[in-house]
There are 2 protein chains.
Amino acid sequence: MTPKTQADRAHLQLREKILSGELAPGMKLRVEHLRDMLEIGASPLREALSRLTSEGLVVLEGQRGFRVAPISLDELKDVSRIRKLLEGEAVRIAIQNGDEAWEAAIVSAFYRLEKAETRMAEGEADFTEWEKRNREFHDAIVSAANSPWLQRLRSLVYDQHERYRRLSKRQMGRLRDVQREHREILDAVLARDVEAAVEASCRHIDNTVTGLVKLYADREGVDSGAGADGETASLVKA
Amino acid sequence: MTPKTQADRAHLQLREKILSGELAPGMKLRVEHLRDMLEIGASPLREALSRLTSEGLVVLEGQRGFRVAPISLDELKDVSRIRKLLEGEAVRIAIQNGDEAWEAAIVSAFYRLEKAETRMAEGEADFTEWEKRNREFHDAIVSAANSPWLQRLRSLVYDQHERYRRLSKRQMGRLRDVQREHREILDAVLARDVEAAVEASCRHIDNTVTGLVKLYADREGVDSGAGADGETASLVKA
DNA sequence: GTTGCAAAAAATATCGATAAAAATTACTTC
DNA sequence: GAAGTAATTTTTATCGATATTTTTTGCAAC
């Protein structure tokens, strides 16, 4: 899983910095600056930025360089709607195809996620680990959907969604609910109840979104992470 | 619509060559060779290849260079299934949102498509034009689905599907049926009958697929376009 | 005849520098 | 004083060349 090429490394590092908000939405990405930051040449850096552009985390305007993809309330709603569509379908297929090993992997991922949640509630762990395990749990469920393209698109949209989630650190007031939602999904999946599982998944996404929307509506903007220079885009006007 | 940068140009040219089959599936893409072919430097070329990789038209293996994405019967089925999912949802939303100008644009695109079909049946035009207008017709329908992400993903999958279609030039034996199918979609859309339109769209895709599957099953492989060097991947074993 | 290793060849990935374009600044003119 | 224009500066996009890595070729040993 270790990056084999310089471009891979830059891609991973930039992706993490964007998802975490260290590179704030709308921020200008100056090549020279990033070169120093990542200690890398111009060619692999541009290659990494190109990939991120295809993934929708970076935008490239004509001959005016790269910048971090802006965020907006509209896009959050859009991303969520599409994520429901893809995740729902993935769950549907996965339940039809999954075997016992698949069930076991889900249970295992759920266990690790719960642990992380507990640890976080006690202030022992950070969000990064929770995000990682949350992704692993959801990945485990849809892993049985033997549809490479669905996986691929779902992963793309999941990244977008994760970004919005991570941009608001205060999300975790609702931790208890999230835990319950995850259990609902788990139960429905293990019971092989397709419709219940799809519904629970969509509800899970909806809840996250309404939480975020409320949060954003309250403060009319996002706190930019550790963005050094470059303007920070407001969520509502972006 | 004219490419502003060298990387853009290379991206467009390569994309067209891959979709048309001039660069055959599985074929090795030697940088030096492409440099001469497109008269371009290494950096923008790699940038273009990176984008195509993100779009799934090119694959990049570790440190062993690029090659044209292989094709397979399984992937054709996968792409079609996902395309039905996305196209169906897009039609659903578009019908809800579309206004009169939208309807007019669809009728116009349909008219041009029919013209092209007639002209092609008389041997006056080539597939390239038909493909273009076919895409424009389907684009016109979903253009009212104000969901950037759905549009984006749909476009990605459409490209994949188009590639499989164009790799088999003999597809057009079923031209009459295709024409009728397009009319069915048109009628259902204009009548604002969501379910009928979605069903017609999915049936349309299904028909294309079964046609292609039959074709591929018959000859157990694909005729590679004008692929110069590099091995051609067989469809079934790839 | 095949297997293993070493050297050569080829191709990829990367760097440093240059050319082209956009943004900024300063200046002139009304 | 504002607006338009020309020159400067900054930044991007591109090129040519180099260093790694992979693949091929050749040779020797079993």
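Note: hydrogens, waters and symmetry copies are ignored here, and every other heavy atom, side chains too, is used. Convention: sequence-line order gives letters A, B, ...; per-chain numbering from 1.
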Sugar-phosphate, base or nothing in reach of B:L29, heavy atoms under 4.0 Å: sugar-phosphate
Within-4.5 Å side-chain heavy-atom neighbours: B:L150 and B:E89: yes
Pairing of B:D78 and A:R152 as salt bridge, 4.0 angstrom limit: no
Qualifying side chain to side chain donor-acceptor pair (under 3.5 Å) pairs, either residue in residues 53-65 of chain B, two or more places apart: B:H11-B:E55
Range on DNA chain D touched by chain B - first to last nucleotide, heavy-atom distance under 4.0 Å: D:dA13 to D:dT23
A:Q63 side-chain N/O to C:dA22 phosphate OP1/OP2 under 4.0 Å: yes
Ionic contact status for B:E131 with B:R135, cut-off 4.0 Å: no
Any B:R46 side-chain nitrogen or oxygen under 4.0 Å from OP1 or OP2 of C:dA13: yes
Gap between atoms CZ and P, on A:R30 and C:dT24 respectively (whole Å): 11 Å
B:I40 CD1 to C:dA20 C1', straight-line distance once rounded to whole Å: 15 Å
N or O in side chain of A:T5 less than 4.0 angstrom from C:dT14 OP1/OP2: yes
From A:L52, A:L14, A:L34, residue fulfilling side chain to side chain contact (heavy atoms under 4.5 Å, CB included) relative to A:L29: A:L34
Geometric cation-pi criterion B:R165 and B:Y158, 6.0 Å radius, 45° cone: yes
Integer-rounded Å distance: C:dA11 P and B:L45 CG: 15 Å
Interatomic distance where CG belongs to B:L49 and P belongs to C:dA13 [whole Å]: 10 Å
